[in-house]
Protein chains: 2
Amino acid sequence: MPYTLLKENIDKHIQFSDAEFETYGSFFYPKTISKKEYLLRQGDVCRFEGFVTKGCFRVYTIDNDGHENVLYFAVEDWWVTDIDSFTNQAPALLSIQSLEDSEVLLINKKDKEQLYQQMPKVEKLFRIMTQKTLVSLQRRLIRNHCYTADERYLHFMKTYPKIAQKLTNLQIAAYLGISHEFVSKIRRKVASKK
Amino acid sequence: MPYTLLKENIDKHIQFSDAEFETYGSFFYPKTISKKEYLLRQGDVCRFEGFVTKGCFRVYTIDNDGHENVLYFAVEDWWVTDIDSFTNQAPALLSIQSLEDSEVLLINKKDKEQLYQQMPKVEKLFRIMTQKTLVSLQRRLIRNHCYTADERYLHFMKTYPKIAQKLTNLQIAAYLGISHEFVSKIRRKVASKK
DNA sequence: TATAGTTATTGAACTAGTTCAATGTTTTTA
DNA sequence: TAAAAACATTGAACTAGTTCAATAACTATA
């Protein structure tokens, strides 16, 4: 079942034969994470790239003022890692924590390299996936500049209703880059307009 | 000379033999762009991926309120494209305009695909480059949330002094996501503190 | 070299969003 | 099931950054 999700994930980007998927999948190992457990802590080296098969994670940093800043949330069918730390095996700027009991498929650094070597097609797969991630991040950056907090909130709720449902105001605020009190105020405003 | 830059650019990410570079380079063709000319206009399909060998470009969108928003500036040794539009051959959300007389090496969609097929190593090259771009965009997003306008301005000036020197306050403002009047005020504040 | 166009500076009035503090609500744990 | 902890709501005071409008300074071009 977790491997079915991984296969479906590939299918979105590229064609793999069953044999190819067999090999690909064999590089990943499952891990169970209980609620609030850390997959990665800021300062540690990120040893894995992870594919979420169940649950939910937040990927975040804490800035100098102690403010938490969520880079993204990862639910089923999303990838989680600190790419920078993973590719350079350098201390992570990001922390990754589960928000509920979760399951991931992990691949470690050496195996990832081995996989690239053994299956050049995986280069293409990750090239495509990284490109898509880049595009959505570019759009988010622009939204952050062009939209007001209200608009960003509504956009998020509309775009990720299933994720939103799992989150507290604090977490949504940390993602949108606004205070949680202001999220409350936006909610009230929105509710009164209906 | 422009091709030397292209070679040096590759060398930063991956090892290519002279023969490999020969093939790689042969897929690109040079283009001269005069000041204020457009390489791409919002709404058109982006037919190229470009490597800047001279000059400077701004990659931007205009939002509903008519506000200009700069995604990035590209000078010598940078790539310019609207990846989303290029990969899907869909109408671009971005415009790309030269800020001065410039030169680029371009590759078009079909040739890029041909290149991937003919030289699988290019998949790796672009996978790595895209990853690096993604990392820097992630960092920028976090900076936008954690830093004040003053801090972002100073960070930009310090990180890209050579680019900054080519830009007007209007353009810096459009990149930082603040008003150009406020850039003026930050400048004054900074100057008075020295 | 005068003129038009673009860019920069400044101040005053404003507003979107923050901070703080108090209160209420829900969730977790013993 | 009571107590503790975490989360949400609200209002009042504040501030970072905007908008508008006027003026000054560049820089292109005829």
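Every chain is numbered from 1, with letters handed out A, B, ... down the list of sequences. Hydrogens, waters and symmetry mates are skipped; everything else that's a heavy atom, side chains included, is used.
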If you apply the rule salt bridge (Lys or Arg N to Asp or Glu O under 4.0 Å), what do you find for A/Lys185 with A/Glu181, and how did you get there?
CA-CA 6 Å; A/Lys185 285 163 195 177; A/Glu181 293 95 333; over 6 Å; no
With the threshold set at under 4.0 Å for non-hydrogen atoms, list the residues of residues 166-182 of chain B touching DNA chain C in residue-number order.
B/Thr168, B/Asn169, B/Leu170, B/His180, B/Glu181
Going through the checks in order, is the salt bridge (Lys or Arg N to Asp or Glu O under 4.0 Å) test met by A/Asp84 and B/Lys132?
CA-CA 8 Å; A/Asp84 192 22; B/Lys132 289 184 183 172; over 6 Å; no
Centroid-to-centroid, A/Tyr175 to A/Phe73, below 6.0 Å?
yes
Partner of B/Glu100 under salt bridge (charged side-chain N to carboxylate O under 4.0 Å, His left out), picked from B/Lys35, B/Arg58, B/Lys166, is B/Lys166
Please report, rounded to the nearest Å, how far the P atom of C/dG17 is from the CG atom of B/Asn144.
15 Å
Mind calculating the distance between NZ (B/Lys185) and P (C/dC14) to the nearest angstrom?
14 Å
From D/dT10, C/dG11, D/dG17, nucleotide with atom closest to B/Arg188 side chain
C/dG11
Whether the side chain of B/Lys36 and the base of C/dT6 hold a donor-acceptor pair under 3.5 Å is what I'd like checked.
no
Which atom of B/Phe156 lies closest to which atom of B/Ala164, heavy atoms considered:
CE2-CB, 4.1 Å
What I want to find out is whether A/Glu123 reaches B/Lys121 closely enough, with some N-O distance under 4.0 Å, to be called a salt bridge.
no
Partner of B/Phe51 by ring-ring contact (aromatic ring centres under 6.0 Å, His included), out of B/Phe27, B/Trp79, B/Trp78
B/Trp79
B/Arg152 CZ to D/dG17 C1': how many Å, rounded?
10 Å
Could you tell me the separation between the OH atom of B/Tyr153 and the P atom of D/dA16, rounded to a whole number of Å?
19 Å
If you check the A/Ser184 side chain, which of D/dT10, D/dT19, C/dT9 turns out closest?
D/dT10
Roughly, in whole Å, what's the span from NE2 in B/His145 to P in D/dG17?
14 Å
B/Leu154 has an atom CG; how far is it from atom C1' of D/dA16, in whole Å?
15 Å
Whole angstrom is fine here: how far is it from CD in A/Glu151 over to P in C/dA16?
11 Å
Taking CZ from A/Arg187 and C1' from D/dA8, how many angstroms apart are they, rounded to a whole number?
9 Å
